[in-house]
Amino acid sequence: LPVLSCIDAPGGDPRASESDADAIMKMIELVHTMIEYPYGKMGIVTGRLYGGSCMFAFPKIFGAERTIAIEGAKVGIIGDQIVAKILEGNPRMKQEWAENAKNERADLSDVVSESMLDAVV
């Protein structure tokens, strides 16, 4: 049977309790299973897709036939609100983040042009 993954995920949880629970290794094992799955795979980003959670949207590198996002979805390394909090005490890094953010497009056309998503619908 083909697999369809609909995802809205804020990313991984960096707290010690999750690390102690070996969450990263469990995620890696699941990713290997997903890559080896021999039938069709498709990912749909329905909301947020940050950091390592991108693995669960079936990117092309994992053999997906298509990966799309619903209009308004947010895709990136980390959410802007978290970055703002982390960088509030470092003006230089905050400025660098702001400069790089100018290259990102809210409509995800930059992510589509890089072939990380097939389309935004």
Side-chain angles (χ1 to χ4, degrees):
L1 294 173
V3 174
L4 176 65
S5 172
C6 297
I7 188 163
D8 177 2
D13 186 340
R15 291 178 288 196
S17 61
E18 294 304 310
S19 179
D20 293 345
D22 212 13
I24 302 271
M25 290 309 294
K26 290 175 184 172
M27 287 175 33
I28 290 171
E29 290 170 15
L30 179 56
V31 167
H32 284 283
T33 300
M34 290 168 26
I35 290 170
E36 295 167 4
Y37 189 73
Y39 305 105
K41 296 174 267 198
M42 180 177 172
I44 301 174
V45 182
T46 61
R48 301 159 296 168
L49 187 66
Y50 293 118
S53 64
C54 70
M55 299 181 292
F56 304 109
F58 292 128
K60 294 286 191 157
I61 60 170
F62 291 174
E65 292 180 24
R66 257 176 100 64
T67 305
I68 64 172
I70 303 297
E71 190 173 318
K74 305 288 184 204
V75 176
I77 300 297
I78 190 170
D80 291 335
Q81 295 163 335
I82 296 172
V83 171
K85 181 76 173 162
I86 291 170
L87 299 181
E88 64 188 13
N90 190 324
R92 182 188 58 80
M93 288 183 74
K94 190 173 183 178
Q95 178 62 33
E96 284 182 31
W97 183 269
E99 287 297 318
N100 285 320
K102 290 178 184 176
N103 298 322
E104 298 173 1
R105 303 287 170 248
D107 66 358
L108 300 177
S109 59
D110 54 328
V111 182
V112 172
S113 70
E114 293 292 327
S115 299
M116 291 182 266
L117 286 174
D118 290 304
V120 176
V121 295

(request) Verify the neighbour count for atom CD of E99: are there more than 12 heavy atoms of other residues, nucleotides or ligands below 6.0 Å? (result) yes
(request) May I ask whether M116 and F62 are part of the same hydrophobic cluster, defined by side-chain heavy atoms of I, L, V, M, F, W, Y residues being less than 4.5 angstrom apart, directly or through others? (result) yes
(request) Going by the side-chain contact (heavy atoms from CB on, under 4.5 Å) test, name the single residue among L4, I35, V3 that passes it with F58. (result) V3
(message) Looking at every non-hydrogen atom in both residues, tell me the closest pair between A57 and T67 and how far apart they are.
(response) O-CG2, 3.5 Å
(request) Keeping the roles fixed (side chain from K74, backbone from Y50), state whether a donor-acceptor pair exists under 3.5 Å. (result) no
(request) Please assess V112 against V120 for the test side chain to side chain contact (heavy atoms under 4.5 Å, CB included), listing each intermediate value before the final yes or no. (result) CA-CA 8 Å; V112 172; V120 176; 4.0 Å; yes
(message) Nearest 0.5 angstrom please: D110 CG to R105 CZ, how far?
(response) 6.5 Å
(request) Flag yes if I61 and Y39 sit in one hydrophobic cluster, no otherwise; membership is Ile, Leu, Val, Met, Phe, Trp, Tyr, and two members link when side-chain heavy atoms are under 4.5 Å apart. (result) yes
(message) Within the structure provided, determine whether E65 and M42 are in side-chain contact (heavy-atom separation under 4.5 Å).
(response) no
(message) Checking the side chain of S5 only, and the main-chain atoms of G43 only, is there a donor and an acceptor separated by less than 3.5 Å?
(response) no
(request) Search all heavy atoms of F56 against all heavy atoms of L30 and return the closest pair with its distance. (result) CE2-CD2, 3.2 Å
(request) Would you check if the side chain of K60 reaches a backbone N or O of S115 as a donor-acceptor pair within less than 3.5 Å? (result) no
(request) Work out which heavy atom in S53 is nearest to a heavy atom in I7; give both atom names and the distance. (result) O-CD1, 3.5 Å
(request) Report yes or no: do V121 and L117 belong to one cluster of Ile/Leu/Val/Met/Phe/Trp/Tyr joined by side chain heavy-atom distances under 4.5 Å? (result) no
(request) Taking the side chain as every heavy atom from C-beta outward, state whether I68 and V45 have any atom pair closer than 4.5 Å. (result) no
Which pairs would a plain distance check flag for residues 81-93, meaning a side-chain donor or acceptor within less than 3.5 Å of a matching protein atom at least two apart in sequence or in another chain?
| from | atom 1 | to | atom 2 | distance (Å) |
| --- | --- | --- | --- | --- |
| N90 | OD1 | R92 | N | 3.4 |
| N90 | OD1 | M93 | N | 3.1 |
| R92 | NH1 | E96 | OE2 | 2.5 |

(message) How close do I78 and W97 get, counting heavy atoms only, and between which atoms?
(response) CG2-CH2, 3.8 Å
(request) Could you tell me which non-hydrogen atom of L108 sits nearest to which non-hydrogen atom of A69, and how far apart they are? (result) CD1-CB, 3.9 Å
(request) Rounded to the nearest 0.5 Å, what's the gap from OG1 on T46 to CG on D8? Could you check? (result) 4.5 Å
